[in-house]
Amino acid sequence: MQTRCGFIVILGEPNAGKSTLVNQLVGSKVSIVSPKVQTTRQRILGITIRGESQLILVDTPGIFAPQKQLERAMVQAAWESCKDADVISLVVDVTQKSFESSFKILEKLQSRPVTLILNKIDRVKHGALLTIAAQFQSFSNITRTFMISALSGDGIEDLATYFAQEVQQGPWLYPEDQLTNMPQKLWAAEITREQLFHQLHQELPYNILVETEAWEEFENGTVKINQVIYVAREGQKPIVLGKRGHQIKSISSAAREEMSILLNRTVHLFLHVKIAEDWPNKPAMYRLMGLDFPT
Ligand SMILES: Nc1nc2c(ncn2[C@@H]2O[C@H](COP(=O)(O)OP(=O)(O)OP(=O)(O)O)[C@@H](O)[C@H]2O)c(=O)[nH]1
Ligand SMILES: [Mg+2]
C-alpha cells in the first residue's frame, strides 16, 4: 500500500468550532469544547485514518488580538502550527455578523493555499450561506470551500476525503490506533478544565490552570487521579469551592463521570484548589500547559 500522511492545521477565530471538528473527524474527544471563547490553549493533535492516508489534525487556540500574556502565548502557538503544516484550513462560524477577523487571518497567511471551512451550517438558511461564501471569493489563496456542521457531522466526510488526497505520500508517523499525542495526565487536566469552562463564569475560567499531579492505576482496573486547580488570586478560591464546597463537588463529579466514560473504567478523582498568585505572568506555569511563554 502506498501510504500518505500529513499535518492539517485547523485555524480560526475563537469559538469557530475547531475542536468540535477535530473530535468529529477523529471520532473521539481529543480536544475539549465549550460555548465560551478561548477554550483551547495549546496545539493538540487529533489523528485519524482515511483509506491509505493518516491525517494529523492540528487543533489550535483561536486567533484574535491578544492583550494578556496567556492570550499572546495562545495566539503565538496557533501561528507557529502553520510552520510545518502540509494543509492549512480556516474554520469560519457562519452565524457571526462580521467575518473581518477571518479576513485578517487570510490576509496574514498571504499566498499560502487555504481550505475554507464554513461551519455551523445547521444554524443558517442555504441562501444566507451562499451570500457568506461569496464574501470570501476575493481571496485567491482559497483553494476549496466546504460547508459543514462540525456538531452534526454534516459534510464532514467530503472534507476528510479531500484532506486524504491533499497529504503527501509517505509513511504514517503514528501507530494506527493512536488518536492523539497528548499525554494522559494532560488529557485528564483538560477534561477538568472543560467543566470549569462550563460551570464557572466571567473571568474565572481564564484564570485557572489544572495540573494532574498523580495518575495511579490499580489491579482491579480503577484509576485514581489527583489534580490541582490553580487560581490566580486568593479571592477566586472561594468561588471555585462554592458554598459548603457545592461548586467543586459539581465540577468534580462531572469531570469524573466524563473520564470514566472515555476511559471505560472507574475513576476516583481528587481535586485540590491552590493559589498560584498571578500565574498567567509566570513562565514556569506555561510548561504545565504545554505552552511557550510568549516572546
Ligand atoms: N450549532 C452548531 N454549533 C457548533 C458547531 N460546531 C461547534 N459548535 C459549538 O460552538 C461552540 C464552540 O466550539 P469549539 O469546538 O469549542 O470551538 P473552538 O473553535 O475550538 O473554540 P476555541 O478553542 O475557544 O478557539 C461549542 O458550543 C460547540 O458546541 C456546529 O456545527 N453547529
Ligand atoms: Mg478549541
Side-chain angles (χ1 to χ4, degrees), residues 8-46 57-68 70-82 88-97 99 101-102 104-105 115-126 128-129 132-133 145-160 180 182 186-187 189-191 193-210 258 289-291:
I8 297 150
V9 171
I10 315 287
L11 297 179
E13 274 190 85
N15 211 45
K18 301 176 292 298
S19 303
T20 307
L21 172 61
V22 169
N23 293 341
Q24 189 71 257
L25 286 167
V26 172
S28 174
K29 181 160 181 168
V30 294
S31 192
I32 61 166
V33 167
S34 92
K36 295 190 174 72
V37 295
Q38 298 162 38
T39 305
T40 305
R41 281 186 184 159
Q42 79 275 54
R43 177 177 178 270
I44 290 163
L45 303 188
L57 304 153
V58 186
D59 187 16
T60 62
I63 293 175
F64 60 106
Q67 311 262 320
K68 299 174 179 160
L70 176 58
E71 297 172 352
R72 286 177 48 216
M74 287 160 55
V75 175
Q76 187 174 305
W79 284 116
E80 271 172 12
S81 305
C82 295
I88 292 179
S89 67
L90 176 69
V91 180
V92 174
D93 173 352
V94 293
T95 68
Q96 294 283 91
K97 286 195 184 71
F99 303 105
S101 308
S102 294
K104 283 205 182 106
I105 298 173
T115 308
L116 181 67
I117 303 170
L118 300 179
N119 186 34
K120 309 196 189 183
I121 61 165
D122 54 295
R123 301 267 312 272
V124 297
K125 294 211 169 74
H126 190 66
L129 202 52
I132 292 165
T145 301
F146 289 86
M147 298 180 185
I148 67 156
S149 168
L151 196 62
S152 74
D154 194 13
I156 292 279
E157 276 318 304
D158 284 348
L159 179 65
T180 182
M182 204 189 293
L186 190 56
W187 173 82
E190 286 287 281
I191 298 294
R193 206 165 62 77
E194 181 173 59
Q195 285 309 319
L196 295 162
F197 262 72
H198 280 285
Q199 299 195 32
L200 301 175
H201 303 292
Q202 276 114 26
E203 282 302 298
L204 205 47
Y206 303 99
N207 281 295
I208 287 178
L209 172 61
V210 181
E258 180 85 359
M289 293 182 280
L291 266 183

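Atoms within a ligand are numbered from 1 in the order they appear, just like the ligands themselves.
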Judging by distance only, is a nitrogen or oxygen of Ala150 under 3.5 angstrom from one on ligand 1?
yes

Applying a strict 4.0 Å limit to heavy atoms, is Gly12 in contact with ligand 1?
no

At a cut-off of 2.8 Å, list the protein N/O/S atoms near the Mg ion (ligand 2), residue plus atom name.
Ser19 OG, Thr40 OG1

Atom 25 (O) of ligand 1 - nearest protein heavy atom and its distance:
Lys18 NZ, 2.8 Å

Answer with yes or no whether the side chains of Asp122 and Ser152 bring together a donor and an acceptor at under 3.5 Å.
no

Determine whether the side chain, the backbone, both or neither of Ser31 has a heavy atom under 4.0 Å from any heavy atom of ligand 1.
neither

From Lys29 NZ over to Asn23 CG, what is the distance, rounded to the nearest 0.5 angstrom?
7.0 Å

What are the atoms of ligand 1, with element, lying closer than 4.0 Å to any heavy atom of Pro35?
27 (O)

Drop me the distance from Gln76's CD to Arg43's CZ, to the nearest 0.5 angstrom.
13.5 Å

With a cut-off of 4.0 Å, which atoms of ligand 1 are near a heavy atom of Gly62?
25 (O)

Could you tell me, atom by atom, which parts of ligand 1 come under 4.0 Å of a heavy atom of Arg123?
1 (N)

Tell me if the CZ atom of Arg72 is crowded by more than 12 foreign heavy atoms within 6.0 Å.
yes

Identity and distance of the protein heavy atom lying nearest atom 32 (N) of ligand 1
Asp122 OD1, 2.8 Å

Which atom names give the shortest non-hydrogen contact between Arg41 and Leu209, and what distance separates them?
NH1-CA, 4.2 Å

Correct closest heavy-atom pair for Gln38 and Pro14 would be N-CB, 3.8 Å

Between the side chains of Ser19 and Thr40, does any donor sit under 3.5 Å from an acceptor?
yes

Over all atoms of both residues, closest heavy-atom pair of Ala73 and Leu291
O-CD2, 3.8 Å

OG1 of Thr95 to CD1 of Ile132, rounded to nearest 0.5 Å, is 8.5 Å

Do you know the tightest heavy-atom contact between Ala16 and Asp93?
CA-CB, 4.0 Å

Please check: side-chain N/O of Arg193 versus main-chain N/O of Thr39, any donor-acceptor pairing under 3.5 Å?
yes

Checking side-chain polar atoms at under 3.5 Å, does Gln199 have a donor or acceptor matched by the opposite partner on Gln195?
yes

Which atoms of ligand 1 sit under 4.0 Å from any heavy atom of Pro14?
25 (O)

re atom 29 (O) of ligand 1, the protein heavy-atom contact at minimum distance is Leu151 CD1, 3.8 Å

Does ligand 1 come near enough to Pro61 that some N or O of the ligand is less than 3.5 Å from an N or O of the residue?
no

Under 4.0 Å from any heavy atom of Gly17, which atoms of ligand 1 are there?
7 (C), 13 (O), 14 (P), 15 (O), 17 (O), 18 (P), 19 (O)

Short side-chain to backbone donor-acceptor contact, His198 and Val33, under 3.5 Å:
yes

Indicate yes or no for a side-chain donor-acceptor contact from Glu71 to the backbone of Ala65 under 3.5 Å, with no hydrogens or angles considered.
no

Under 4.0 Å, heavy atoms only, figure out whether ligand 1 is touched by the backbone of Val91, its side chain, both or neither.
neither

Backbone or side chain, does any N or O of Thr39 fall under 3.5 Å from an N or O of ligand 1?
yes

Under 4.0 Å to a heavy atom of Gln38 - the qualifying atoms of ligand 1, by number
24 (O)

Do me a favour and list the nearest non-hydrogen protein atom to atom 9 (C) of ligand 1 with residue, atom name and distance?
Lys120 NZ, 4.0 Å

May I ask you to say whether Lys68 pairs ionically with Glu203, meaning some side-chain N is under 4.0 Å from a carboxylate O?
yes

Under a 4.0 angstrom heavy-atom cut-off, which atoms of ligand 1 come close to Val37?
24 (O)

Which of the atoms of ligand 1 are close to Asn15, meaning less than 4.0 Å from one of its heavy atoms?
11 (C), 12 (C), 17 (O), 18 (P), 19 (O), 21 (O), 22 (P), 24 (O), 25 (O)

Can a donor-acceptor pair be found, under 3.5 Å and without considering hydrogens, that links the side chain of Lys120 to the backbone of Val92?
no

Report the nearest protein non-hydrogen atom to atom 26 (C) of ligand 1: residue, atom name, distance rounded to 0.1 Å.
Ser34 O, 3.5 Å

Nearest protein heavy atom to atom 14 (P) of ligand 1, by residue and atom, and its distance?
Thr20 OG1, 3.6 Å

Protein contact of atom 6 (N) of ligand 1 - nearest heavy atom, named by residue and atom, plus distance:
Asn119 ND2, 3.3 Å

